[in-house]
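Read through the structure below, which is laid out as structure tokens, and then see the notes.
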Amino acid sequence: MSAPLPPMRRHRARCRETRAGLSDYLDGELEEPHGTERHLRWCPSCRRMAVNLARTVAGLRRLPATRRP
Ligand SMILES: [Zn+2]
């Protein structure tokens, strides 16, 4: 029961954490951004997601506030 998670399971857990905090990270509001940065450096799928999200966030910010539903 107390065995450490196998690397793949640990990786998945880290991915989930990273993705959950991505928008805060991109806003610079994450208290501990280093873990996210390190994960993004070696996890291509989370990195791609971060890039896409950054692009989306940048696009949303260009929209006038009045166009929000
Ligand atoms: Zn990941």
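Reckoned from all heavy atoms, side chains included, excluding hydrogens, waters and symmetry mates. Values in this document were obtained by computation on a predicted structure and should not be read as measured data. Numbering of ligands and ligand atoms starts at 1, following listing order.
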> If you look at every heavy atom in Cys46 and Leu22, which pair is closest and at what distance?
Replying inline: O-CD1, 4.4 Å
> Does CZ belonging to Arg47 count more than 12 external heavy atoms closer than 6.0 Å?
Replying inline: yes
>> Is the shortest side-chain heavy-atom distance between Cys15 and Arg19 below 4.5 Å?
In response: yes
> Sorted by chain and residue number, which protein N/O/S atoms are under 2.8 Å from the Zn ion (ligand 1)?
Replying inline: Cys15 SG, His39 NE2, Cys43 SG, Cys46 SG
> What closest approach, in Å, do His39 and Thr18 show between heavy atoms, and which atom pair accounts for it?
Replying inline: CD2-OG1, 3.4 Å
> How close do Arg14 and Thr36 get, heavy atom to heavy atom, and via which atoms?
Replying inline: NH2-N, 3.8 Å
>> Could you check whether any side-chain heavy atom of Met49 comes within less than 4.5 Å of a side-chain heavy atom of Cys43, counting everything from C-beta outward?
In response: no
